[in-house]
Amino acid sequence: MKVLQVKISGRLAHFRKVFSNSTSLSYYFPPRTTIAGILAAALGLERDSYYEKFNSDKLKIGVEALTPLRKLTFSEIYLDTDEISLRKLRGLANRVPITREYITASEGDYLTYAFYFSPTSPEYRRAFSRPVYPISLGPANTLSWVDEINEIECSEIEDLSSRTVYGAVPAEAILGIEPESEIIIEEGMPRDFTGDRRSGKLYNYYFSINSKKYKIKSGKAKGIECAEEKKTIVFL
């Protein structure tokens with residue numbers, strides 16, 4: 001089977017945790033809903049128009065970090081504009097302090113993610129070659145660029161027992177891991193949006209933040225084994 005691999009790089013990334021409120025905390029990697037949004041932006045699809053087309057039953061998506069990652073924390077001041085006045089717009093009253101996390105590379109000048117899409121389509125490849133809307137790794141101020149677009153030959157897998165994998169793996173699918181790298185658990189990530197922009201059930205994932213492999217003791221989940229890349233990727 002052919003799988004579309006897209007490598008996207010940027011200086012900073014921010015993938016806001018859905019349960020963060022007064023602080024803007026970030027996941028280490030984009031949720032499946034965000035990656036579907038990146039594809040939709042490249043295709044030029046309108047907001048809220050693609051949830052059914054790109055749901056997890058119809059489009060399989062995997063992700064891995066190709067560069068080691070770390071978090072930066074910044075303090076920002078927001079203006080309170082619930083009631084508009086010249087004094088408030090000048091920041092002289094009721095300023096709101098906010099903490100925001102960004103993801104950046106722990107080595108080198110920029111970070112890179114690889115996204116995997118199955119089934120692939122010539123339309124997707126053309127879209128990432130010439131995106132209709134700008135590609136960003138999160139909000140508009142985290143603009144990014146497409147480094148590589150490849151169609152790679154892979155085989156489908158489901159049994160992950162004793163397999164070495166890269167990238168994100170659903171925590172509910174496996175019974176244990178043997179870390180060969182720094183592994184974190186990202187909690188409460190959305191997988192699909194409904195038409196009214198509700199995420200429904202949230203999921204937990206294992207993820208290597210220093211872009212190295214790790215071994216699954218046992219478990220089952222849908223994924224791919226890519227001969228050219230010599231990698232096993234599990235779908236979100």
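These numbers come from a predicted model, not from an experiment.
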Please round to the nearest 0.5 Å and tell me the distance separating atom [atom1] of [X] and atom [atom2] of [Y].
| X | Y | atom1 | atom2 | answer |
| --- | --- | --- | --- | --- |
| Thr33 | Phe54 | OG1 | CZ | 13.0 Å |
| Ser118 | Ile233 | OG | CD1 | 12.5 Å |
| Leu43 | Ser121 | CG | OG | 8.0 Å |
| Leu39 | Glu123 | CG | CD | 8.5 Å |
| Arg125 | Leu4 | CZ | CG | 7.0 Å |
| Arg191 | Arg32 | CZ | CZ | 8.5 Å |

Keeping the roles fixed (side chain from [X], backbone from [Y]), state whether a donor-acceptor pair exists under 3.5 Å.
| X | Y | value |
| --- | --- | --- |
| Thr67 | Thr112 | yes |
| Tyr27 | Gly188 | yes |
| Asp192 | Ser56 | yes |
| Thr142 | Leu137 | yes |

With clusters defined by side-chain heavy atoms of hydrophobic residues (ILVMFWY) lying less than 4.5 Å apart, directly or transitively, does [Y] cluster with [X]?
| X | Y | answer |
| --- | --- | --- |
| Ile61 | Phe128 | yes |
| Leu69 | Leu72 | no |
| Val132 | Ile35 | no |
| Phe193 | Phe235 | no |
| Tyr102 | Ile98 | no |

Looking at every heavy atom in both [X] and [Y], which two are closest together, and how far apart are they?
| X | Y | value |
| --- | --- | --- |
| Lys71 | Ile103 | CG-CD1, 3.5 Å |
| Tyr166 | Glu64 | CB-OE1, 3.5 Å |
| Leu160 | Ile216 | O-CB, 3.4 Å |
| Phe15 | Pro31 | CB-CD, 4.1 Å |
| Arg16 | Ser24 | NH1-OG, 3.6 Å |
| Ile8 | Ser144 | CG2-OG, 3.5 Å |

pair [X]-[Y]: side-chain heavy atoms closer than 4.5 Å:
| X | Y | answer |
| --- | --- | --- |
| Tyr206 | Tyr214 | yes |
| Lys17 | Glu187 | no |
| Asp109 | Arg11 | yes |
| Thr104 | Leu12 | yes |
| Ser211 | Leu66 | no |
| Leu236 | Tyr203 | no |

Does CD in Glu156 sit with more than 12 non-hydrogen atoms of other residues, nucleotides or ligands closer than 6.0 Å?
no
With side-chain contact (heavy atoms from CB on, under 4.5 Å) as the test, pick out the partner of Ile152 among Met1, Lys231, Gln5.
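Running side-chain contact (heavy atoms from CB on, under 4.5 Å) over Met1, Lys231, Gln5 with Ile152 returns exactly one hit, Gln5.
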When you check the side-chain N and O atoms of Ser208 and Asn210, is any donor under 3.5 Å from an acceptor?
yes
In plain terms, say whether [X] and [Y] are close enough for a salt bridge, that is, a side-chain N and a carboxylate O under 4.0 Å apart.
| X | Y | value |
| --- | --- | --- |
| Glu172 | Lys201 | yes |
| Lys2 | Glu151 | no |
| Lys58 | Glu52 | yes |

Taking the six-membered ring for Trp, is the centroid-to-centroid distance between Phe207 and Tyr28 below 6.0 Å?
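For Phe207 and Tyr28, the ring centres are not under 6.0 Å apart.
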Ring centers of Phe29, Tyr113 separated by less than 6.0 Å:
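They do not qualify: ring centres at least 6.0 Å apart.
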Any pair counted as ring-ring contact (aromatic ring centres under 6.0 Å, His included), so long as it reaches residues 140-165, sequence neighbours left out:
Tyr110-Trp145
Cation-pi between Lys60 and Tyr116: NZ/CZ under 6.0 Å from ring centre and within 45° of the ring axis?
no
Run the side chain to side chain contact (heavy atoms under 4.5 Å, CB included) test on Tyr124 and Leu59 for me, step by step, so that the C-alpha distance in whole Å, both residues' side-chain angles and the decisive distance to 0.1 Å come before the verdict.
CA-CA 12 Å; Tyr124 298 168; Leu59 180 65; 4.2 Å; yes
